[in-house]
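Accompanying notes for the structure given below.
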Amino acid sequence: MPGNLAGVAAVERAASLLEAFTDRDFSLSLGELSRRVELDKSTVLRIARSLAKHGLLVRNEDGSWRLGPKLMKLGNIYQSTFRASDIIEPLLAQLVDQTGESAAVYAREGDERVCLFRHDSHQSIRHSARVGDTMPLDLGAPGRVILAFNGKTGSVYDEIRQKGFYATFGERDPQVASLAVPIFRDGDKLFGSLALTGPPARFTEEAIKRNLETLQMAARRLSAAMGGEPG
């Protein structure tokens, strides 16, 4: 294998080793690490030792491994330089261009949902709202999704969790349809919902199917940027 390709492979293996840990793992044995990354123990041990030299892994007295302190430093640096608007605003603009509908991010604020970011459709007939507007949680797809992934019980919320999205047609406003998916941060913590809204006439079954894939891809990108790992 040429040197540059070997270097890339080594980096990918090191990254996979770090990503093998979850928030439920205080430490992992060499055997468990080997199983999770699907590499032999000797290779895993060599990579782990290299990561330990840079403080990315720590070897315990019993031979198991845990994440190292350097990762906390890097995480703090990332948090201090990350501005949600830098990611969300261009992503919403792209969603509008791709789907033709208005796009927004909502988060829970007490018993309501608040519009944190918004980009309106370019079409003459559209749903418009303002950043800072508050709306009911139990009316409209964005709020329903937030409730579902906050653990709300009930058949409708079970269905939302199972499908991973929800669509409504005139539930909050007879002239507004909405399609929403969850956004996550810091692992599996819910950040809010990402939604498309517009007139019900444009939210046909075919349009929802087409736009859902685009919306889900955008939500995955946004979640990843915030350290989220959607289930």
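Note that these values count all heavy atoms, side chains included, but never hydrogens, waters or copies made by symmetry.
Taking both residues in full, the closest heavy atoms of Pro69 and Val58 are given as CD-CG2, 3.8 Å, listed atom of the first, atom of the second, then distance. Taking every heavy atom of both residues into account, Arg202 and Gly100 meet most closely at NH2-O, 4.2 Å. Residues Ser121 and Ser102 come closest through the heavy atom pair N-OG, 2.9 Å. Contact record, Glu101 with Pro199: OE1-CD, 4.1 Å, taken as the closest heavy-atom pair. Counting all heavy atoms, side chain and backbone alike, Pro182 lies closest to Leu190 at CB-CD1, 3.9 Å.
Annotation: the span from Leu33 atom CG to Glu38 atom CD amounts to 13.0 Å, rounded to 0.5 Å. Interatomic distance, CZ of Arg113 versus CG of Leu139, reported as 8.0 Å (0.5 Å rounding). With values rounded to the nearest 0.5 angstrom, Leu179 atom CG is found 10.5 Å from Ser193 atom OG. Rounding to the nearest 0.5 Å gives a distance of 9.5 Å between CE of Met226 and CD1 of Ile87. Taking CZ of Arg59 as the reference point, atom CZ of Arg66 lies at 13.0 Å (rounded to 0.5 Å). Atom CD of residue Glu32 and atom NZ of residue Lys41 lie 10.5 Å apart, to the nearest 0.5 angstrom.
Side-chain contact between Leu116 and Ile88: absent, with no pair of heavy atoms (C-beta onward) separated by less than 4.5 Å. Within the 4.5 Å cutoff, side-chain heavy atoms of Leu18 are placed close to those of Leu71.
Glu89 pairs by the side-chain contact (heavy atoms from CB on, under 4.5 Å) definition with Ser85, Phe117, not counting sequence neighbours. Remark: Pro90 pairs with no residue by the side-chain contact (heavy atoms from CB on, under 4.5 Å) rule, at least two apart or across chains.
In the hydrophobic clustering of ILVMFWY residues, with side-chain heavy atoms under 4.5 Å counting as a link, Leu194 and Val96 come out apart. Val156 is connected to Tyr106 through a chain of hydrophobic side-chain contacts under 4.5 Å among Ile, Leu, Val, Met, Phe, Trp and Tyr, so both are in one cluster.
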Only pairs under 3.5 Å count here: list side-chain donor-acceptor contacts from residues 42-51, not counting sequence neighbours, and write none if there are none.
unit_1	atom_1	unit_2	atom_2	d
Ser42	OG	Asp40	OD1	2.5
Thr43	OG1	Asp40	OD1	3.0
Thr43	OG1	Asp40	OD2	3.0
Ser50	OG	Arg46	O	3.2

Tell me which donor-acceptor pairs under 3.5 Å the side chains of residues 145-154 have, and how far apart each pair is, sequence neighbours excluded?
unit_1	atom_1	unit_2	atom_2	d
Asn150	ND2	Ile146	O	3.3

Show every donor-acceptor pair shorter than 3.5 Å between a side-chain atom in residues 205-213 and any protein atom, with sequence neighbours excluded, or say none if there are none.
unit_1	atom_1	unit_2	atom_2	d
Asn211	ND2	Ala207	O	3.3

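No cation-pi contact links Arg144 to Tyr166, judged by a cut-off of 6.0 Å to the six-membered ring centre and 45° from its axis.
At least one donor-acceptor pair under 3.5 Å links the side chain of Ser16 to the backbone N or O of Arg13. No donor-acceptor pair closer than 3.5 Å links the side chain of Arg35 to the backbone N or O of Val37. Ser29 places no side-chain N or O within donor-acceptor distance of the main-chain N or O of Ser64, the cut-off being under 3.5 Å.
Side-chain atoms of Gln216 and Arg221 form no donor-acceptor pair, as typed in the model, at a separation below 3.5 Å. For the residue pair Ser178/Thr168, the side-chain donor-acceptor check at 3.5 Å is satisfied.
Look at Arg36 and Asp25 and you find a salt bridge, because one of the NZ, NE, NH1 or NH2 atoms lies within 4.0 Å of a carboxylate O, short of that distance. Salt bridge present: Lys163 and Glu159 bring a charged side-chain N and a carboxylate O closer than 4.0 Å.
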Test side chain to side chain contact (heavy atoms under 4.5 Å, CB included) applied to Thr197 and Arg118, step by step: CA-CA 11 Å; Thr197 55; Arg118 176 85 187 181; 3.6 Å; yes

Would you please test Phe191 and Val105 for side chain to side chain contact (heavy atoms under 4.5 Å, CB included) and show each step? CA-CA 9 Å; Phe191 176 79; Val105 169; 3.9 Å; yes

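Atom CD of Glu112 sits in a crowded spot, with more than 12 heavy atoms from other residues, nucleotides or ligands closer than 6.0 Å.
Note on residues 17-68: no pairs pass ring-ring contact (aromatic ring centres under 6.0 Å, His included), not counting sequence neighbours.
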